[in-house]
Amino acid sequence: MNYFPDEVIEHIFDFISSHKDRNSISLVSKSWHKIERCSRKRVFIGNCYAINPERLIQRFPSLRSLTLKGKPHFADFNLVPHEWGGFVHPWIVALAKARVGLEELRLKRMVVSDESLELLSRSFSSFKSLVLVSCEGFTTDGLASVAANCRHLRELDLQENEIDDHRGQWLNCFPESSTALTSLNFSCLKGETNLAALERLVARSPNLESLKVNRAVPLDALTRLMSCAPQLVDLGVGSYENEPDQESFMKLMAAIKKCTELRSLSGFSEVAPLCLTAFYPICQNLTSLNLSYAAEIQGNHLIRFIQFCKRLQRLWILDSIGDKGLEVVASTCKELQELRVFPSDLHDEEDNDTAVTEIGLVAISAGCPKLHSILYFCKQMTNAALITVAKNCPNFIRFRLCILEPNKPDHTTSQSLDEGFGAIVQACKGLRRLSVSGLLTDKVFLYIGMYAEQLEMLSIAFAGDTDKGMLYVLNGCKKMRKLEIRDSPFGNAALLADVDKYRTMRSLWMSSCEVTLGGCKRLARNAPWLNVEIINENENNDVMERNEEDEREKVDRLYLYRTVVGARKDAPPCVTIL
Amino acid sequence: MDEFVNLKETELRLGLPGTDNVSEEIERVSCNKRALQGDTENETESSMMKMETCPPRKAQIVGWPPVRSSRKNIIQTKKNESDSEGGRGVYVKVSMDGAPYLRKIDLSCYKGYKELLKALEIMFNFSVGEYFEREGYKGSDFVPTYEDKDGDWMLIGDVPWEMFVCTCKRLRIMKGSEAKGLGCGV
């Protein structure tokens, strides 16, 4: 029995927004479950195949905002075939049919078609926000329908999608009456942009806070855009390889000076150093800076710019900044919380003295007390450095280290990096995400299993010696949700040791490991609530027809995930669901 | 350690957009190197293998490093652009007397004369002899030469490497009597 009437309880629930908390509330009692589900507005589905849209709508009839994720993370690195799946269409069809009052749709790694976008734009009259991250399958025609039909659109955010640019007039499709835009990001479009249409759109959107344009927006257009949107908080610029002339430069700088609210800067896929200096007037206000696509800028220009960015909380940069540059960051950016250092040379060919090493990492850890998330690509690392980093920064939530060469040991002692990563997991009690690299034995996984109590996501590549390694992790990390492993010697013994563990996890990915077809089949038999997917290159591989001998054959790619709706029906020929 | 070799053999390679073609001489060294204690013999062996294989490009592992295609494409474009802009990395024709057709090589792949000559030796299956500052190449009928910016035919190895790369327009491996004028003892 509840002490309060339902409406009061519902009102109290309104204050609880985190998905985890709302899920917990719904488990308290039948009554709470009902109140919670009827009042739930936002739902997050980490794996679109774990549930189907009909059941979702049945449970949450008041749904307003839906987040869906499709392909597994390693799809970002071309390890998942394009046709694997993750289609959003059935979801939009179901939501439209049930007349759900959808206002917001956020998709990651899903396949979206123009048809889906068209249906979306026509089915939800209150639709306000579309965020697509790493999606594919649509063209600017789809964007045109969204622009034309979503009368109340506030946010159109396209991040790193593969979009077929038909060079049409999609920007023209925003009706003149559309003035509600707060966020527009089309940086991933490769084609030309109708500048006049863009300028008119920006001019009539007084609430526009975030604008990220694509490469095709030249300097003079940018200047005009900024002049009519001085309220911008988040700006993504285009590409400027040529140094501007004096007059253009002065105009740009004047426009930038007026943008006193600007806090976040990105884009810069090509930028002449002089263009960067035009942003000096607002440097000290910046809290977020992404120069990770600016492969042309040399370290010294980067350093000169960053020296003024004292309030930076988030920095994404290329390793051309060098250790020296990171030392400057460490002494300047005391508010830094998140750092990502991407590689500018992928094949370790150049004897690049300016790339980053363990020295830069240690400097950052020493200088930035608020640092909690790091993604660091480098060519070398030492245990001593990692131990120091762990001591300096026990607050890491995300720690991703990628040493470019697989199996590379500590370059001063030639030993494995077990101790270094061990120190990280031991010191960082709140660690939720970890990526390991370099030479690693089973021991590092013993440490991870022992100490990484909050770990939810772990990425392993070219590491470990025996099944024990994977077992340490599966047995030890109680909060593990996503485990992705490639090119490591883990096999059936580890895979099958504790089948029930996978009930508590979202998914497991294993590629180029030692698991065999026989092992996977056995797993699928023992766990009918799992979808065990085998991904092959060869379409003609009818995995089910294999005989005894083939059962010993190693599986190229395995992806398994818990689901309440059984095997999906949309798998392509290269995927076999056991 | 050998498991990695087998895994690589069953691995199917997908061409990543914007990256180089997988070279025929696939180097397995980087994946097999395990700095186990007391295994120094293998280490020296692997590093020797590395020097002999030219050009020194590492094997391309699918999906490694874990960087999105959009980033890889941009870096690749930058590399190609800067290579050609600076005048370095320009592909030059290589002819060998008696060979039916010419080849082309990218000079920026090499760090010095030693690597270049080794590559040429492998490409054309010959031996270049030993270089002496005063006498030129001794011990072989073949002499490596190049045409410089002025149109003159010069002996490879006389000028500093950097200068060579900037001034070299094409290479020619001379053979026999014609070579004697440049190569030996002048």
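Order of the sequence lines fixes the chain letters, A, B, ..., with proteins taken first and strands second; residue numbering starts at 1 for each chain. What you are looking at is a predicted structure, and each value in this text was computed from that prediction instead of being measured.
- For the atom pair CD (A:Q159) and OG (B:S70), the distance works out to 11.5 Å, reported to the nearest 0.5 Å.
- Other residues, nucleotides and ligands place no more than 12 heavy atoms under 6.0 Å from the CG atom of B:N125.
- For the atom pair A:L79 CG and B:W64 CH2, the distance stands at 10.5 Å (nearest 0.5 Å).
- Taking a 6.0 Å sphere around CD of A:E162, one finds it holds 12 or fewer heavy atoms contributed by other residues, nucleotides or ligands.
- Residues A:C402 and B:P66 are in side-chain contact: their nearest non-hydrogen atoms beyond the backbone lie under 4.5 Å apart.
- Per-residue counts of heavy-atom pairs under 4.5 Å with chain B were compared for A:S416, A:S511, A:S459, A:S292; the largest is that of A:S292.
- A donor-acceptor pair is defined here as one N or O able to donate and one able to accept, closer than 3.5 Å; no such pair exists between the side chain of B:R71 and the backbone of A:F342.
- Nearest heavy atoms, A:R486 versus B:I61: NH2-CG2, 3.3 Å.
- Remark: B:R68 is not positioned above the aromatic ring of A:F77, lacking an NZ or CZ atom under 6.0 angstrom from the ring centre and at most 45 degrees off the axis.
- With sequence neighbours left out, the side-chain contact (heavy atoms from CB on, under 4.5 Å) criterion links B:V159 to B:Y113, B:Y146, B:M163, B:F164.
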